[in-house]
Amino acid sequence: MEYIEFTDEALLAQIVDQDRLALECLYQRYSTRVFSLSFRMLSDQGASEEVTQDVFLNVWRRAASYKPGRGKFTTWLFGIAHHRTIDELRKRTRGKQRVLENVDDFLNLQSADIQPVDAAVANSEYATVRKALINLPDAQRSVIELSYFGGFTQAEIALKLDQPLGTVKTRMRLGLKKLRVALASKLRTPEL
Amino acid sequence: MTDPRNHESISPDLAGYSVHALDDKARQLVEQHLIGCKDCTFELEELMEGAANLAFAVPTVSPPRGLQDRINAAIDADMNLSEEHRVSIGHSHPAASTPDVSLASPVRLPWYANTRLAWGISSGIAAAFIALIVVAGVAGIRLNDRVDDFTAQVAAQDREIVSFTELLTLMEDDAKLASSAEAQQVSVLQKSTDTLEQQLNDLRWLQYVTSVGSWTTPSFFSGGLQPQAPQGVLITHSSGDQAFLMVNGLAPALPGSVYQVWLTYEGSMVPGNTFTVDQDGYAVVNLDLTGDATEYIGVSVTVEPLGGSAIPSDFTVLIGSDQ
C-alpha cells in the first residue's frame, strides 16, 4: 500500500515510529495550507517559513500526543499552526498600538506558485469556507476574523468595537459552532 | 475572581480559548477547569474543529521548495542529538540511524539544530550554554525562556554580589576606624550579601540541573488540548540514580488536589512524588526513584487527592515516553 493512500491518522502512527516518508507525505498534503495561513496573518515570507518549519517539526516530535478520539488530525495540525503564528504575531506587536484592519483584505491576496490541480481543489475549499463565513451574521463573522486572523484577544476586540466583553464571547462561540455545522463533511479529505 | 470550578463562569471562554484569544489568566482558568470537566472538553473539541476550518479561508501560497529540505535537516540534527544523548546513557536507538535524506541544497538550520553549536564546544561556561541549548531544543520555547531567565538572573546576581563584596571590603576597612553606627551599617550590608548569596545558590542549583554534562533530557512531554499547553522535560543522570522532572505551563492544582508523577517500568505504573506549581505553572520535581532512571519507558503526571495515590487517576495532564 502506498503512503499516498494512508489516512492522516495512519501516517501519524508511522511518524510515531520515526518514519520520515510518512512525514514527507503529510508535508505534501498540508504544508501549503500551513504556510498560507501563516503568510496571511504575518505578511512575512521568512517568518511564515519559520512557522511552517516549526509546525512540521512539532508534528515529528509530538505525533504521539495526538489523540484520535479528540478530533480530526487537521484540527490538531491547524491548531498548532495557528497558535505558533499567533505567538509570532503577538511577539511582533507587543507594546504597540494595533489598528483594526479590514478583515476582508485576506480575500484579495493573490495566489502564486501553485499547481493547477491543487489550485482547483484549494479554490474549491476556499469558496466553500468563504460561503460559510459569508452566511454568518456580520457581528459573529467580524469577531471570529479579528481574533483568528488578526490575533486580537477577546478583550481587545470588545474594547476596539466598543461592545461588552460578554457579547464578544457569545458571538464568537455561536459563530464557531455554526461554522463547524456548516462545514462538517464538506471539506475534502485531501489525500483520498 | 473567577472560580475555575464554576462551569457557568468558564464555559463562555471556551471559544476564545479555541482561537487563542484569551489573556494568560483566563487561559489558565480554562485549562484548570478542563482537567475535571468532560462537558467543556467536548465543547472545546467542537469549537476547535470549527476554528480549524478557517485555515481553508485564505488563498493558497506555496512554501518555497527548499523548506522541506530544511525540515529534513532539522530532524537529522534532532535525531543526532538524541543519538548522542543515548550513547551518553548507554542506550542504543536503531531508529535514529535509519533516515537517509540527502540535502539538495545548502540549508538554513534552526539554531537548536546546529550540532556544531550544540556539541562542538566542550568546557567551562560553554558547557552550560550547550546544555541550555539542548534543553531548549527539546522542551520548546517556554522552557527555554525559563532557563534563559534564570541564567540572566544568575549573571545579574553574580555582578551584584561582586559589587556588594567590593563595597563591603571598603566599608570594613573604613569601619575599623569608624563609629559604632557605621559598623552597624556594615553588619546590615553583610546580611544583605548573605541573602543574595543564598538566592544565588538556589539559582545555581537549577543551573546545575541543566548544565552538567552527565545529565541528559531524553524525553519531551506535552499535555492539554492547546498545542503549546503544558510542557515538561525529564532530566536524568547517567548513573540512573537521580532524575528530575521540570514542568511549565501547568495550571495550579485545584484546592484539595496535587499533581503526582508516575513512572512506567515494563507495564507497571510506579507512583512518584506529588508536587504543586508556582503561579506560572512551573516546578522542578525530584523523582526520588526506586529503580534505574535510564530504564524507564514512560512518565506521566496526573491530578490526585492531597497526599497522592497508589493508583493513577484518569486526569492525566502530561504524558510522554522515551523517544
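Residue numbers start from 1 in every chain, and the chains themselves are labelled A, B, ... in the order their sequence lines are given, proteins ahead of strands. Computed over heavy atoms, backbone and side chain alike; hydrogens, waters and symmetry mates excluded.
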From [X] [atom1] over to [Y] [atom2], what is the distance, rounded to the nearest 0.5 angstrom?
{"X": "B/Leu22", "Y": "A/Lys169", "atom1": "CG", "atom2": "NZ", "result": "7.5 Å"}
{"X": "B/His20", "Y": "A/Thr85", "atom1": "NE2", "atom2": "OG1", "result": "9.5 Å"}
{"X": "B/Glu49", "Y": "A/Leu183", "atom1": "CD", "atom2": "CG", "result": "9.5 Å"}
{"X": "B/Glu45", "Y": "A/Thr75", "atom1": "CD", "atom2": "OG1", "result": "9.5 Å"}
{"X": "B/Arg27", "Y": "A/Thr153", "atom1": "CZ", "atom2": "OG1", "result": "13.0 Å"}
{"X": "B/Leu54", "Y": "A/Arg130", "atom1": "CG", "atom2": "CZ", "result": "14.0 Å"}

Under-4.0 Å salt bridge between B/Asp13 and A/Arg173: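 Judged by the 4.0 Å cut-off on N to carboxylate O distance, B/Asp13 and A/Arg173 do not form a salt bridge.
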Taking A/Ser36 for its side chain and B/Val61 for its backbone only, find out whether a donor-acceptor pair lies under 3.5 Å.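 Yes; judged by distance alone, with no hydrogens or angles, the pair exists.
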Is there a donor-acceptor pair closer than 3.5 Å between any side-chain N or O of A/Arg180 and the backbone N or O of B/Ala52?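 Such a contact is absent between A/Arg180 side chain and B/Ala52 backbone.
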I'd like to know whether B/Leu47 forms a side-chain contact (heavy atoms from CB on, under 4.5 Å) with A/Met172, so could you lay out the CA-CA distance, the side-chain angles of the two residues, the decisive distance to 0.1 Å, and finally the verdict. CA-CA 10 Å; B/Leu47 290 164; A/Met172 191 177 287; over 6 Å; no
Could you walk me through whether B/Asn53 and A/Phe78 pass the side-chain contact (heavy atoms from CB on, under 4.5 Å) check? CA-CA 9 Å; B/Asn53 290 320; A/Phe78 292 131; over 6 Å; no
Within the 4.5 Å heavy-atom criterion, are [X] and [Y] side-chain neighbours or not?
{"X": "B/Pro64", "Y": "A/Gln45", "result": "yes"}
{"X": "B/Pro12", "Y": "A/Thr170", "result": "no"}
{"X": "A/Arg20", "Y": "B/Asp76", "result": "yes"}

Closest heavy-atom pair and its distance - B/Ala74, A/Gln53: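 Closest heavy-atom pair between B/Ala74 and A/Gln53: CB-NE2, 4.3 Å.
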Let me know if A/Leu21 has heavy atoms under 4.5 Å from chain B in its side chain, its backbone, both or neither.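 It is neither, since no heavy atom gets under 4.5 Å.
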Go through it in stages, so that I can follow the logic: the residues are A/Tyr27 and B/Ile71, the test is side-chain contact (heavy atoms from CB on, under 4.5 Å), and I'd like the CA-CA distance, side-chain angles, deciding distance and then a yes or no. CA-CA 10 Å; A/Tyr27 180 88; B/Ile71 293 170; 3.5 Å; yes
Can you tell me which residue among A/Tyr126, A/Phe149, A/Phe39 is in a side-chain contact (heavy atoms from CB on, under 4.5 Å) with B/Val58?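 So, applying the side-chain contact (heavy atoms from CB on, under 4.5 Å) to B/Val58 and each of A/Tyr126, A/Phe149, A/Phe39, only A/Phe149 qualifies.
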Decide if atom NZ of A/Lys67 counts as having more than 12 heavy atoms of other residues, nucleotides or ligands within a radius under 6.0 Å.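 Count over threshold, so yes.
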A/Ser31/B/Leu67 under side-chain contact (heavy atoms from CB on, under 4.5 Å): CA gap, chis, key distance, verdict: CA-CA 9 Å; A/Ser31 59; B/Leu67 183 58; 6.0 Å; no
Who pairs with A/Asp162 by salt bridge (Lys or Arg N to Asp or Glu O under 4.0 Å), at least two apart in sequence or on another chain?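 Checked A/Asp162 against salt bridge (Lys or Arg N to Asp or Glu O under 4.0 Å); zero matches.
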